[in-house]
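Nothing fancy with the numbering, it's 1 onward along the sequence. Here the structure is a predicted model, which means the values were calculated and not measured.
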Amino acid sequence: MFITDNSHISISVLIDSLKFNFLFDTGASGKLIVSDTVASLLNISDSLGVNSKMGYGFSPYPPLKVKEVTYSPLDVTIGGMLLRYDEIIIDNSTTALNADGIISIPKGDRHIWHLDFDRMRLELSDSLSASQTAEYEDGTFDLYEHRGNYFVKDIPLAFVSGHSGNTYHYIDDYMIDTGSPYEIVLMGKGGHKGSYEQLIAYLADNSLNFEYIMRTGREVLHNKMYYIAESGMACDTVQIINQNKSQSGFSMNILGVGFMYRYNLIFDLHSKKLQLKKRNCSKDFNETVLSICGSNMDTYATAAHTNIVTSINHNSVLYKAGIRRFDEITGVTSRSMEGNTSKIFKMAEKGDTLYFSIVRNGHKLNIPVVK
């Protein structure tokens, strides 16, 4: 079994008969990342200290010291299957996420990894069953491994404008990254099977979009986020980030867990295939909730010191009070939006009334919310 919050997948693993809670991150390049506490329990000692400018996907700010470890292979059991990891990292940033570590698919693995969001299960096996082969027919794509990460070859996406009706078809390879909470991330311009410049120009003219700020260590990146309907794979509104700069220095596109959550997936690493089974999803542009497990509300900070609501839980007091997806929050109870809305909301006491200053379709609103 696994559990999710609004952006992470957490699984139970066994190491030396000890049970740990690890975040499942297919973008961690085949590594096993553990906290100091876990390293101590397993008698792992570091042989090389490395100052990491950025951690591994989940790492919080400020960046923490990462120590690379040279260690004899470590056996890990997931779902009854024994896996071997040759590279172990000690990184205490995992403790900030209430996890013992981060685990990825080991390099060269040939198991079947079945990620079933309907049943909240991650199952490993040596071969595909007949029922799995029959059920997972909504898409089959070739997989290949590069630098310990897995890429899906030639995924066709069809972006559709709700305003003009124009469609742009784009085919490319995408890294599968369960450590990324986003849906689609475009980074770099290498290896594309369509015009990257034309795609970005199309999205800028035909989607709901805004600039937002991403902090990586001490660096501030001004990225673009687009929301547009996709009629081929997702058949729904998709979130696209144009990041422009790959932190790894490698040009690639990413399908994050926000996109994968639309499907149950089988990673057939023996045959190097990805098989998909479509889950039920909403078709309403304004009401689609993209968060995995329904956090109260997800927002992004913009360069104009406002917050854009990118998803909202329909059962939350925020939604019931009248806040909607794509609202622009300019302030909460006379406080400017220098930080994130969620921090202000969490600091309030139960029963407090907060007044949200909102801009919606050019109109200013003041919405009271009782926590």
Side-chain angles (χ1 to χ4, degrees), residues 1-4 8-15 19-33 57 73-88 101-156 173-180 233-234 252-280 292:
M1 295 291 292
F2 66 78
I3 58 173
T4 65
H8 305 142
I9 297 175
S10 178
I11 62 174
S12 294
V13 305
L14 286 176
I15 308 175
K19 187 176 181 180
F20 298 104
N21 175 47
F22 276 57
L23 300 178
F24 181 52
D25 181 5
T26 57
S29 305
K31 299 179 179 65
L32 182 70
I33 304 166
L74 186 67
D75 291 334
V76 179
T77 300
I78 303 177
M81 285 289 173
L82 190 65
L83 306 173
R84 176 156 291 193
Y85 290 83
D86 294 319
E87 189 172 357
I88 297 93
I102 297 170
I103 195 165
S104 57
I105 298 175
K107 294 179 181 178
D109 189 70
R110 292 173 67 82
H111 286 98
I112 309 298
W113 294 67
H114 181 198
L115 195 58
D116 188 333
F117 285 105
D118 285 329
R119 296 187 299 150
M120 291 295 191
R121 294 183 66 88
L122 173 62
E123 298 175 341
L124 274 71
S125 60
D126 289 321
S127 61
L128 277 174
S129 67
S131 61
Q132 286 176 329
T133 303
E135 286 181 27
Y136 284 72
E137 54 185 15
D138 291 327
T140 300
F141 300 93
D142 291 330
L143 280 174
Y144 62 91
E145 185 179 351
H146 181 78
R147 299 183 181 181
N149 296 317
Y150 287 91
F151 289 76
V152 189
K153 190 173 180 60
D154 292 343
I155 286 190
D173 300 355
Y174 292 82
M175 185 179 88
I176 297 293
D177 187 4
T178 57
S180 169
M233 295 286 294
M252 59 186 170
N253 301 318
I254 292 173
L255 290 184
V257 73
F259 188 93
M260 284 180 274
Y261 190 65
R262 301 167 185 270
Y263 295 89
N264 293 322
L265 309 94
I266 292 176
F267 299 88
D268 183 349
L269 302 185
H270 179 76
S271 302
K272 294 292 189 294
K273 297 287 185 183
L274 173 70
Q275 295 178 244
L276 304 176
K277 178 183 178 182
K278 185 73 173 161
R279 304 176 67 221
N280 291 331
I292 287 182

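In this structure, the separation between CE on M260 and OG on S180 is 7.5 Å, given to the nearest 0.5 Å. We find the CG-NE2 distance between D109 and H270 to be 12.0 Å, quoted to the nearest 0.5 Å. Separating the CZ atom in F141 from the CE atom in M233 is a distance of 4.0 Å, to the nearest 0.5 Å. From L274, atom CG reaches atom CG of L265 across 5.5 Å, with rounding to the nearest 0.5 Å. Rounded to the nearest 0.5 angstrom, D75 CG and R84 CZ are separated by 4.0 Å. The distance from atom CG of L255 to atom CG of D177, rounded to the nearest 0.5 Å, is 9.5 Å.
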Audit row: D173, I155, side chain to side chain contact (heavy atoms under 4.5 Å, CB included) steps and yes/no: CA-CA 6 Å; D173 300 355; I155 286 190; over 6 Å; no
From CA spacing to verdict: side chain to side chain contact (heavy atoms under 4.5 Å, CB included), D116, E123: CA-CA 8 Å; D116 188 333; E123 298 175 341; over 6 Å; no
Evaluation steps, side chain to side chain contact (heavy atoms under 4.5 Å, CB included), between I103 and I78: CA-CA 10 Å; I103 195 165; I78 303 177; 3.6 Å; yes
E135 vs N264, side chain to side chain contact (heavy atoms under 4.5 Å, CB included): CA-CA, chis, key distance, verdict: CA-CA 10 Å; E135 286 181 27; N264 293 322; over 6 Å; no
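Two rings, from W113 and Y150, have their centers 6.0 Å or more apart.
Look at D86 and K107 and you find no salt bridge, because none of the NZ, NE, NH1 or NH2 atoms lies under 4.0 Å from a carboxylate O.
Residues F259 and A234 approach most closely at CE1-CB, 4.3 Å, considering heavy atoms. Summarising the geometry of S10 relative to L23, their closest heavy-atom pair is CB-CD2, 4.2 Å, with the distance given to 0.1 Å. Residues I9 and V257 approach most closely at CD1-CG2, 3.8 Å, considering heavy atoms.
Put simply, the residue from K277, K273, H114 that forms a side-chain hydrogen bond (donor to acceptor under 3.5 Å, both in side chains) with Y136 is H114.
Taking 4.5 Å as the limit, some side-chain heavy atom of T140 sits within range of a side-chain heavy atom of Q275. Two residues are said to be in side-chain contact when any heavy atoms from C-beta on lie closer than 4.5 Å; L83 and L124 meet this criterion. Put simply, the side chain of I112 reaches to within 4.5 Å of the side chain of I266, judged on heavy atoms.
Aromatic ring pairs are classed by plane angle as parallel below 30°, tilted from 30° to 60° and perpendicular above 60°; the pair Y261 and F117 is perpendicular.
Side-chain N or O atoms of T178 include one that pairs as donor or acceptor with a backbone N or O of T26 at under 3.5 Å. Using modelled atom types, no side-chain atom of K31 and backbone atom of P106 make a donor-acceptor pair closer than 3.5 Å.
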